[in-house]
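Data first, discussion second: the structure below is written as structure tokens.
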There are 2 protein chains.
Amino acid sequence: MNAPSHTVAHSCTDCPIRHRAVCANCDAAELAELEEIKYYRSFEAGQTIIWSGDKMGFVGSVVAGIATLTQTMEDGRTQMVGLLLPSDFVGRPGRDGAAYDVIATTDIVMCCFRKKPFEDLMARTPHIAHRLLQMTLDELDAAREWMLVLGRKTAREKIASLLSIIARRDASLKPSGNSATMVFDLPLTREAMADYLGLTLETVSRQISALKRDGVIQLQGKRHVTIPDMGRLMEEAGDDSDGGFLV
Amino acid sequence: MNAPSHTVAHSCTDCPIRHRAVCANCDAAELAELEEIKYYRSFEAGQTIIWSGDKMGFVGSVVAGIATLTQTMEDGRTQMVGLLLPSDFVGRPGRDGAAYDVIATTDIVMCCFRKKPFEDLMARTPHIAHRLLQMTLDELDAAREWMLVLGRKTAREKIASLLSIIARRDASLKPSGNSATMVFDLPLTREAMADYLGLTLETVSRQISALKRDGVIQLQGKRHVTIPDMGRLMEEAGDDSDGGFLV
DNA sequence: TCTCAACTTTGACCCAGATCAAGTGACAGA
DNA sequence: TCTGTCACTTGATCTGGGTCAAAGTTGAGA
């Protein structure tokens, strides 16, 4: 996976994915200002991008690749608390330290803005502040939705919930849009899925096998998934409302 | 519990608890504007304040009493996703519908602002927008911290975590401040605790009995708790960092 | 082509917490 | 005083998912 060169000036809209935070309503002057403070960073799979408690000098969004937000206990137990897919925003404007580790799960490219000037721009630009609040509320909704998954769903429902989220996120990035059947590659190892779902990797494996045996999903290889009937999958997730939630 | 009369004009600072969202840095003109759109509402224990999906015409904060944010599945399983204690803010500026039920756990008084004018004020007033973003980030941190509790902690650790949160929240509202020993009343039934922790009420009861037997807590009656050693409790919670998190 | 390491699957067994079932205790109302 | 209700406790039993162990798969590199 190739990072855009650091030496080439990109306009914001050159990013493969536009920043959900700032692009949509920015005028030319704002975009120029953003351009000044923008830079790209890339990380290899497995690298920790930010350690919990570290000072974070930037905000930004994922251009390509996948990262996770992970909490760790002293004895080593870990819980994934968020999943960063392309176009997702990272950063805590107004906060110094990170509250959790951010770990690259695949090779990843991020488009970053230096934090201080970004905050200054935000303070002067109500529509950016508003957009950030809306994004944070989205994250909060997703986190709370996930609390229901963690607290009350069975292992099978948890797996179905995760597959349905990934499928819908994946579909929203593709032109093909919403059909009943969906095809995608799992971006996570069994262990990462287990970390997300509060399970062990063995249980994840068993439940995926069970869903396959029952015809809810099909697998080509370990990672390539076909979902013949999204409605069926969402029933399995105990998640009838097809309104759906975003990660 | 008596609600302040609706007919008496209160200035914002008359609230027993000041709005964390808006008071601290507001000038006189802003306070006057807030005063215009402010009103009090009270609810009885057990009442649902807002149904998930309902249109919410206000934002506001809790003056006295306790409410919970609760997610429900079609088959009736429920998971509490947030706890509203006095001074906590409720509301989703820029959003129409509520994402979860808000239920009064005790009799409760809320200080509300009409939503539309509040949003207008917010759009004109960067420091209020900034404060709201910070509060939302706090909630997000708390939600993610709670995901670790739900996903990875044992029943005993869950109970200890909840007690330690309530103790610290309680202490932060009292002048007495931080000592090693703390005394407070549990504001939740065993069932509500179970809903918060992703457990059954029987397990909650058993684990509370166990913590009592082991001297980690003392009980006078069912609800009045003494914690002789907060450090010990936080060890039990698997939560060494005494930095602590807010609900 | 072979080898090794990372990832995944599957089996056997166990245990924390759920479920089902009786309790107790405190308090409000008759 | 009795009675019913609500909140809680405790016991007996069951089970979903964890733990431990072994073996299968895949792909990169020699």
Side-chain angles (χ1 to χ4, degrees), chain A residues 1 44-46 66 73 75-79 104-107 149-163 185-214 217-225 236 238, chain B residues 44-46 66 73 75-79 105-107 149-163 185-214 217-225 236 238:
Chain A
M1 199 167 288
E44 285 174 21
I66 287 166
M73 292 173 69
D75 63 7
R77 280 176 281 178
T78 63
Q79 173 67 50
T105 289
T106 63
D107 290 348
V149 173
L150 288 173
R152 292 299 181 197
K153 291 195 178 178
T154 64
R156 172 185 263 244
E157 289 170 332
K158 286 178 176 183
I159 297 288
S161 297
L162 180 58
L163 292 175
D185 286 303
L186 274 176
L188 301 174
T189 65
R190 301 291 185 261
E191 186 178 21
M193 288 190 257
D195 262 2
Y196 204 173
L197 297 166
L199 297 171
T200 60
L201 69 91
E202 293 94 330
T203 298
V204 170
S205 179
R206 272 186 254 272
Q207 295 301 333
I208 288 181
S209 299
L211 288 173
K212 181 180 169 187
R213 175 166 19 80
D214 300 344
I217 64 175
Q218 290 154 18
L219 281 179
Q220 291 81 45
K222 312 285 185 193
R223 298 289 192 91
H224 193 76
V225 181
E236 291 284 351
Chain B
E44 286 173 21
I66 288 165
M73 291 173 67
D75 63 7
R77 280 177 280 178
T78 63
Q79 173 66 50
T105 289
T106 63
D107 290 349
V149 173
L150 287 172
R152 293 299 181 196
K153 290 196 178 178
T154 64
R156 171 184 264 244
E157 289 170 331
K158 285 178 177 183
I159 297 287
S161 298
L162 180 58
L163 292 175
D185 286 303
L186 275 176
L188 301 173
T189 64
R190 302 290 186 262
E191 187 178 21
M193 288 190 256
D195 262 3
Y196 204 173
L197 297 166
L199 297 171
T200 59
L201 69 90
E202 293 93 331
T203 299
V204 170
S205 178
R206 272 186 254 271
Q207 295 301 332
I208 288 180
S209 299
L211 288 174
K212 181 182 170 188
R213 175 168 17 84
D214 300 345
I217 64 175
Q218 290 153 18
L219 280 180
Q220 290 80 44
K222 312 286 186 193
R223 298 288 194 93
H224 192 77
V225 181
E236 291 285 351

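Numbers restart at 1 for each chain; the letters A, B, ... are given by sequence-line order, proteins then strands. Because the structure is a prediction, the values reported are computed rather than measured.
If B/Leu188 and A/Thr200 are placed on DNA chain D by their nearest nucleotide, the residue sitting closer to the 5' end is B/Leu188. Residue-to-nucleotide proximity on DNA chain C shows that, of A/Arg152 and A/Gly221, the 5′-proximal contact is made by A/Gly221.
Annotation: B/Glu44, atom CD; neighbour count of heavy atoms from other residues, nucleotides and ligands within 6.0 Å does not exceed 12. A 6.0 Å sphere centred on CD of B/Glu191 holds no more than 12 heavy atoms belonging to other residues, nucleotides or ligands.
Considering only heavy atoms from C-beta on, A/Leu219 comes within 4.5 Å of A/Val225 through its side chain. Between B/Thr203 and B/Leu197 there is no side-chain heavy-atom pair separated by less than 4.5 Å.
Contact check, B/Thr203 against C/dA18: a side-chain N or O comes under 4.0 Å of OP1 or OP2.
Distance CZ (B/Arg190) to P (D/dT10): 10 Å, rounded to an integer number of Å. The nearest whole Å value for the distance from the CG atom in A/Leu219 to the P atom in D/dG24 is 20 Å. As a whole-Å value, the separation of A/Ile208 CD1 from C/dT9 P is 6 Å. Between A/Lys158 atom NZ and D/dG16 atom P the separation is 14 Å, expressed in whole Å. Separating the CG atom of B/Leu199 from the C1' atom of D/dG17 is a distance of 15 Å, rounded to the nearest angstrom. In this entry the distance linking CD1 of A/Ile159 with C1' of C/dT8 reads 13 Å, nearest Å. Here the P atom of nucleotide C/dA16 and the CZ atom of A/Arg77 are 13 Å apart, to the nearest Å. In this structure, CD of B/Glu191 is placed 13 Å from P of D/dT9, rounded to the nearest angstrom.
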So which protein nitrogen or oxygen atoms get under 3.5 Å of nucleotides 20-28 of chain C's nitrogens or oxygens?
unit_1, atom_1, unit_2, atom_2, d
C/dC20, N4, B/Glu202, OE2, 3.3

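Contact annotation for A/Arg223: backbone-only contact, meaning every heavy-atom pair under 4.0 Å involves sugar-phosphate atoms and none involves a base. Within 4.0 Å of A/Gly46, counting heavy atoms only, lies no atom of the nucleic acid at all. B/Leu201 comes within 4.0 angstrom of a nucleotide base, judged by non-hydrogen atoms across all strands. Counting non-hydrogen atoms under 4.0 angstrom, A/Ser205 reaches a base of the nucleic acid.
Judged by distance alone, with hydrogens and angles left aside, the side-chain atoms of B/Ser161 form a donor-acceptor pair with the main-chain N or O of B/Glu157 at under 3.5 Å. Side chain of B/Arg152 to main chain of A/Gln79: no donor-acceptor pair is present (N/O by atom type, distance under 3.5 Å, no hydrogens or angles).
Closest to the side chain of A/Ser209, out of D/dT19, C/dT10, D/dT10, is C/dT10. Comparing C/dT8, D/dG17, D/dC8 by their closest approach to the side chain of A/Gln207 singles out D/dG17.
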Inset, instruction - Run the numbers on B/Leu199 and B/Gln207 for side chain to side chain contact (heavy atoms under 4.5 Å, CB included), then give the verdict. - result: CA-CA 11 Å; B/Leu199 297 171; B/Gln207 295 301 332; 5.7 Å; no
